[in-house]
A.B. asks: 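Starting off with a structure, shown below.
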Amino acid sequence: MRLSTYFLPTLKETPNDAQIVSHRLMLRSGMIAQECAGIYHWLPLGLRVLQKVEEIVRQSMNEAGFLEVLMPTLQPAELWEESGRYDAYGKEMLRITDRHDRRLLYGPTAEEAITDIVRRFMKSYKDLPRVLYQIQWKFRDEIRPRFGVMRGREFLMKDAYSFDLDAESARETYRRVMHTYMVTFKRLGLKAIPVRADTGPIGGDLSHEFHVFASTGESDIYYDKAFDALDLKGDENDLNQLMNLYAMADTMHDPKNCPVPQEQLNHTKGIEIGHIFYSGTKYSDSMKATVMGEMGKQIPLESGCYGIGVSRLVGALIEAHHDDYGIIWPESVAPFKIGLINLKKGDSLSDETCEKIYHTLLSQGKEVLYDDRDESIGVKFSTMDLIGIPTQIIVGPRGLKDGNVEIKNRRTGEKILCTLDNLYQRI
RNA sequence: CGGGGCGUGGCGCAGUCUGGUAGCGUGCCUGGUUUGGGUCCAGGAGGCCGGAGGUUCGAAUCCUCUCGCCCCGACCA
């Protein structure tokens, strides 16, 4: 992509509305623009990141054998009356009436919708177990939206729902999802800790939240310091270690009965990026979702619900990866992998060299953002640093005189000179 | 919902107390200049001061109502 023809409305100054670093940087780097409180436009650069995150989540789900569906954002009120949550959910639910006075709602979650599908089409124990998921926009009319996409009213969520024949199998599925989450977060470049949590209005008796440590997090968590030393690889072994580690949401933490000694316990702020529940037969009971069992008896489905906040993850990633100059994207979610800077547009050697590098990288399938604008050097450097492209290739007459270009690592700031011939092996 | 703050060119702000027809920085456009960290100089476009009503000869400024946004708290699968 050529920056001269891209749409990247960067801001030099921080908009007054933004308080936390991820929100500021998302606005300044032209990733998002606010439409109204808690509702945002995703501009080209931001959308690329959002889609990367979404794709990593999707692939991890698919690899685990979970099946993607896409349900409507609007749901009929009757479905929620059936589960008893239409009244219970309160003002957070955005209720809508259509021209025929039919009562609809913009889905804040989709347990009812998915349970309705499953009860209609899954009739036999042979159809189980199954995990269905979607990545769809949700709306919750939060009392106070804040922190940009971290606590928006409209947000993109991956929500999965599992259906098993019995509790034992359901708990095994819960564990599989947990493992899938560890893989997902690892791939995203985040160190996430599962903490025991309240089940809240979703119901059930087993629940974990996944948190990324950040001073700007909204949740208080207590955990065993041993977690800090773990080098997570996203495998089965990690899962066992994590399951045995003490980590609690503040509502679950009881200082009097905590098995971890005080000096071994950390208290910190976390951003909740995922939440999983074993909900038992809560929905299958109220909505009469059963399958025929082996013995010819109707058996209510055992279910679980598993969320990942996809749009929130974009904010959380920035909270975890930034410096004074801007964002530092992990490779896996970077909107572009390589930023190519032409320091002297109009200099024929610089122009030609950049064009050649640009086309070579494109032909290698690399995602490259070429700053071919007629701007000053400082502007180009700061733009590239601000938007956080992991690797920068800097091309200018001074280096080219000796046949060199420069490769800069955004994270470390390290710059190395290399010849044009060597360039492609070194990035 | 309780408490607090803010709405003035795209963005960041001053002007409001003490009423007299809007200013600075940045961004944008033009021309020149500069070229390894947000160059420098000159010229220019752009604002019914969130909205409505009122007071006044005259309102960004005073009064009333209203809308929006932000922060703290409560709330939050």
Side-chain angles (χ1 to χ4, degrees), chain A residues 9-20 23-24 27-28 30 33-39 80 83 85 88-93 107-112 114 138-148 150-153 155 157-161 197-204 207-210 216-219 249-251 271-279 282-283 304-309 312 324-326 341-347 350 371 373-386 392 394-401 404-406 408 413 415 417:
Chain A
T10 57
L11 264 27
K12 202 166 175 175
E13 285 168 297
T14 303
N16 179 275
D17 285 351
Q19 301 298 320
I20 67 167
H23 190 197
R24 290 178 169 186
L27 291 168
R28 284 196 52 214
Q34 181 166 334
E35 170 147 300
C36 57
I39 304 180
W80 285 68
S83 72
R85 288 208 298 178
Y89 217 91
K91 289 188 169 179
E92 271 199 18
M93 181 186 283
T109 177
E111 283 80 8
E112 284 80 0
I114 197 78
K138 306 294 189 297
F139 192 92
R140 291 180 195 169
D141 201 356
E142 299 278 351
I143 297 172
R144 183 150 88 87
R146 63 187 115 173
F147 302 153
M150 298 265 279
R151 190 166 200 74
R153 292 193 292 171
F155 57 98
M157 179 168 87
K158 186 285 305 175
D159 45 323
Y161 307 91
D198 262 338
T199 52
I202 289 278
S207 175
H208 285 86
E209 290 174 357
F210 290 78
T216 47
E218 293 187 86
S219 315
D250 60 344
T251 50
I271 300 169
E272 182 190 345
I273 54 175
H275 201 159
I276 61 180
F277 300 86
Y278 163 56
S279 48
K282 179 179 158 84
Y283 300 99
C305 329
Y306 316 91
I308 290 180
R312 175 182 285 181
D324 289 348
Y325 300 103
I341 298 179
N342 184 350
L343 285 183
K344 191 163 186 178
K345 187 175 157 100
D347 176 80
S350 293
D371 192 345
R373 295 174 303 171
D374 190 11
E375 287 284 356
S376 73
I377 291 149
V379 169
K380 292 187 182 186
F381 282 143
S382 357
T383 299
M384 212 52 97
D385 285 348
L386 175 64
Q392 298 172 13
I394 300 162
V395 179
R398 204 170 80 184
L400 287 176
K401 186 158 49 74
N404 288 328
V405 297
E406 207 170 295
K408 177 181 157 184
K415 294 177 181 175
L417 273 181

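Chain A is the first sequence line, chain B the second, and so forth, proteins listed ahead of strands; every chain is numbered from 1.
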A.B. asks: Between B:rU34 and B:rC40, how many Å separate the two C1' atoms, rounded to a whole number?
C.D. replies: 7 Å
A.B. asks: The criterion is side chain to side chain donor-acceptor pair (under 3.5 Å); which residues satisfy it with A:Thr251, sequence neighbours excluded?
C.D. replies: A:Asp198
A.B. asks: Assign A:Lys345 to base, sugar-phosphate, or nothing according to its heavy-atom contacts below 4.0 angstrom with the strands shown.
C.D. replies: nothing
A.B. asks: In whole Å, measure the gap between the P atoms of B:rU16 and B:rG68 for me.
C.D. replies: 29 Å
A.B. asks: Determine the Euclidean distance between corresponding P atoms of B:rU8 and B:rG51; express it in Å to zero decimal places.
C.D. replies: 10 Å
A.B. asks: For A:Ile20 and B:rC70, give me the distance from atom CD1 to atom C1', rounded to whole Å.
C.D. replies: 13 Å
A.B. asks: Can you see whether A:Ser219 engages A:Glu272 through a side-chain donor-acceptor pair at a distance of less than 3.5 angstrom?
C.D. replies: no
A.B. asks: Can you tell me if the side-chain N/O atoms of A:Ser382 get under 4.0 Å from OP1 or OP2 in B:rG38?
C.D. replies: no
A.B. asks: In whole angstrom, give the distance that lies between atom CG of A:Leu343 and atom P of B:rU35.
C.D. replies: 13 Å
A.B. asks: Just to verify, what does A:Lys158 make a side chain to side chain donor-acceptor pair (under 3.5 Å) with, not counting sequence neighbours?
C.D. replies: A:Tyr181
A.B. asks: Distance check needed: B:rU39 P versus A:Lys344 NZ, whole Å only.
C.D. replies: 16 Å
A.B. asks: Under 4.0 Å, heavy atoms only, any strand: does A:Tyr306 hit a base, just the sugar-phosphate, or nothing?
C.D. replies: nothing
A.B. asks: Does A:Glu111 come within less than 4.0 Å of A:Arg85, counting only side-chain N to carboxylate O?
C.D. replies: yes
A.B. asks: What is the distance from NZ of A:Lys91 to P of B:rA74, rounded to the nearest Å?
C.D. replies: 19 Å
A.B. asks: If the sugar-phosphate is the primed atoms plus P, OP1 and OP2 and the base is the rest, what is the B/S/- string for nucleotides 2-15 of chain B, using protein heavy atoms under 4.0 Å?
C.D. replies: ---------BSS--
A.B. asks: Is there side-chain contact between A:Lys12 and A:Ser382, with heavy atoms separated by less than 4.5 Å?
C.D. replies: no
A.B. asks: Send over the distance from A:Lys408 NZ to B:rG37 P, rounded to a whole Å.
C.D. replies: 12 Å
A.B. asks: If you measure from the C1' atom in B:rG58 to the same atom in B:rA22, how many Å do you get, rounded?
C.D. replies: 16 Å
A.B. asks: Quote, to the nearest angstrom, the C1' distance that separates B:rU26 from B:rC57.
C.D. replies: 39 Å
